[in-house]
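The chains referred to below are lettered A, B, ... by the order of the sequence lines, with proteins before strands, and numbering in each begins at 1.
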2 protein chains.
Amino acid sequence: MTNLKQLAQSLGLSITTVSRALDGYADVSAATRERVRQAAESAGYRPNASARRLRKQRAELVAVTLPSEPGHIGPAHFLEMLSGCAEHLATAGLNLVIAPVPRGESELDMCRRFVDGQRVDAMLLVRTKRRDERVEFLQSRGIPFVTNGRTEAATQHPFIDGDGFSGFRQATLRFHEAGHRRIGHIAGPQDYFFAHERKKGWEAAMRECGLPVDLCVEQAPTEHGGYMAALALLNQNDTPTALVCATDEMAIGALRALREVDGGDTISLVGHDDLPIGAFTSPALSTMRMTGENLGRNFASLLLRTIAGEPAESLQELHAIEFIDRDSHLRSSPTT
Amino acid sequence: MTNLKQLAQSLGLSITTVSRALDGYADVSAATRERVRQAAESAGYRPNASARRLRKQRAELVAVTLPSEPGHIGPAHFLEMLSGCAEHLATAGLNLVIAPVPRGESELDMCRRFVDGQRVDAMLLVRTKRRDERVEFLQSRGIPFVTNGRTEAATQHPFIDGDGFSGFRQATLRFHEAGHRRIGHIAGPQDYFFAHERKKGWEAAMRECGLPVDLCVEQAPTEHGGYMAALALLNQNDTPTALVCATDEMAIGALRALREVDGGDTISLVGHDDLPIGAFTSPALSTMRMTGENLGRNFASLLLRTIAGEPAESLQELHAIEFIDRDSHLRSSPTT
DNA sequence: ATTGACTCCCAAAACGTTTTGGGTGATCTT
DNA sequence: AAGATCACCCAAAACGTTTTGGGAGTCAAT
């Protein structure tokens, strides 16, 4: 609406002085500065974002692309995390936006649009794949970014991730200690890093215990995927007595399959993510989650430091996993 | 990266011609146009977004602010809807972003930032309140916007909404026809339009049936809220035999309360939103939802027409509600 | 009276586009 | 052959900011 030019005119000052007054430069007198501030305030002046971006050559924007396929973003946590992230980015003058991927376009296309149009200063990537083309692209362009989840990229990059391997290994060992011998795994798509890592954790524990690693079904990381996977496992000769599920959503789907097939109180089960809804399922879902408070602040801080040019190696956070024991992990004493 | 200037130089053309060639103007020869296109392609040229926005005086951007309080956005549907919306906006050259509200800031502040910084051409509002300050602000600024949900604003504005009143009235009448007499309502916060509307629907049906409207508790639109509300209703002398819940999330919370208090198979219950997870609860959640395919396209279309200046009155869609009958709505034959 | 330091201010350039308002030849009309 | 039409191209202005590189005036020191 109101311009710097209009503002300057109404004050009888030059554009330069008004601009510098508002930016708090010392080379404009305190009196003038205050006068300008008042005028700007009462005129409701906001600098035109495009003009300032064009001039400053920075977008003051960080974007995160939002995968369109459903499953496993843990929306509740995710949104809370993003609010926290936005709050801390704001203190550095950066805005955060989430860009939903239009149908018919890929996440990579979106990254391209943002980066090549110089719309963003940095990006946040979620749901990383083991070989992630978004990561490769951003690395080739030299745009700062932080991922939620690791990748197998040759070049290091900043990330925050939970130690899914250890988490799933531990979870499996806990079942073993409780007497379970037929422990199954409901796995997510193995091109996702997290899903692969979690499966490896389960496998490692099984091998340590001298147990076969055949009770595993891979499915989409959704309730329906978990449901289908559980059905498949229950239709085998040798059904599992315990299930380690890649995500809470899959675990919730599995829960339904268990109810349908055997009444639902003989098989133990654990998920991952600590979705709020887990506390309200029947049985209440035992689960696990990445430790750490205020992840959003961490992401913001990593982003800022990445933008500042710190080396990727010092910007990698691997968080331990903690268990949240509710009811579903001790449904039965296994009859071996 | 590459400029129009660099591109022009490398081609031995003027900036003007290159720009016009890429925009497909007829006053540049087909041969030149093709040559420019090739060069732009191979140089990976993308126009600088800020520069173009500054010049064209339009942001080519539509934003939706994302409420930071949890509950009732129906993330799954919501995200799918946004993808569809983004797809159709893209055909008009518009981008869609979701802006999470930083902690410590209000949704209204965000709107201000977007609008007064001329960052957006239009906005999409979700989770409208009966008296919604965002709506009032956008109306005062004359910025095009569409809401998901109605308001009680004095001036008309474009919206898409489900007819919650009729839906909840019908749902209540269905319970009545099935023999229920003590039909409770778990209500959402009454400053939300949808929550108020749904409660009025339940009330209307109760009055039509000559039943008292006292079995109602208001709570936060989350699982926990539903849980608390159901507990409160079950601790009365005259417990309900059926519950109409404002949202699926509340219904899922209520489900847990029912299980804890009476084993969970004596009280019937219905929610609203058709969250995917409803198919996997125990019992499977009966629910309802707004009719209509591809809501995203509708939103996009309304936005475009609003921007084009069509009057608000012709841009209001009130959709009927359809029932999705699963198991939870017929848990028992009520013993009156 | 000059010099230097200091305070307060400003004109103009620059960021990368799009658009305005022609300009230059070639071809067609009469 | 003069005028009109057409096809193709371009210089310059404009969008609204920030930043550069001073300029004008005042005051103190020499």
Looking at every strand, decide which applies to A:R53 at a 4.0 Å heavy-atom threshold: base, sugar-phosphate, or nothing. nothing
Rounded interatomic separation in angstrom, taking CG from A:D23 and P from D:dG16: 18 Å
Output the rounded distance in Å from CG (B:L54) to C1' (D:dC15). 4 Å
Within the structure shown, what part of the strands sits under 4.0 Å from A:S50 by heavy-atom distance: base, sugar-phosphate, or nothing? nothing
Does A:K56 or A:S14 map to a spot on DNA chain C nearer the 5' end, using the closest nucleotide for each? A:S14
Between B:A26 and A:K5, the residue closer to the 5' end of DNA chain D by nearest nucleotide is B:A26
Look at B:E136 together with B:R131 and state whether they make a salt bridge at an N to O cut-off of under 4.0 Å. yes
Nearest 0.5 Å, please: how far is CD1 in B:I160 from CG in B:N298? 4.5 Å
Is any side-chain nitrogen or oxygen of A:S19 closer than 4.0 Å to OP1 or OP2 of D:dT19? no
When you check the gap from the basic side-chain N to the acidic O, do B:R130 and B:D191 get nearer than 4.0 Å? no
Looking at A:R55, does any N or O in its side chain come under 4.0 Å of the phosphate oxygens OP1/OP2 on C:dA14? no
Under 4.0 Å between a side-chain N/O of B:Y25 and OP1 or OP2 of C:dT20, yes or no? no
Contact class for A:N48 (heavy atom, under 4.0 Å): base, sugar-phosphate, or nothing? sugar-phosphate
From CZ of A:R52 over to C1' of D:dC15, roughly how many Å is that when rounded to an integer? 16 Å
Roughly, in whole Å, what's the span from CG in A:L22 to P in D:dG16? 16 Å
At under 4.0 Å between heavy atoms, what does A:L13 touch on the DNA or RNA strands: base, sugar-phosphate, or nothing? sugar-phosphate
Check ion pair B:E87-B:R297 (N to O, under 4.0 angstrom): no
Hydrogens and angles aside, do B:H157 and B:T151 bring a side-chain donor and acceptor to less than 3.5 Å of each other? yes
Counting the atoms with a prime plus P, OP1 and OP2 as sugar-phosphate, which does A:S29 contact under 4.0 Å by heavy atoms, base, sugar-phosphate, or nothing? sugar-phosphate
Taking atom C1' of D:dG16 as reference, at what distance in whole Å does atom CD of A:Q9 sit? 14 Å
Between C1' of C:dC15 and CD1 of B:I15, the distance in whole Å: 12 Å
To the nearest angstrom, the CZ-P distance between B:R20 and D:dA11 comes to 14 Å
With a 4.0 Å cutoff (strictly under), does any side-chain N or O of A:T17 reach OP1 or OP2 of C:dC10? yes
Under 4.0 Å from OP1 or OP2 of D:dG16: is there any side-chain N or O of B:Q57 that close? yes
What is the nucleic acid contact for A:D27, judged by heavy atoms within less than 4.0 Å: base, sugar-phosphate only, or nothing? base
Within this structure, what is the CZ-to-C1' distance between A:R58 and D:dT18, rounded to whole angstrom? 13 Å
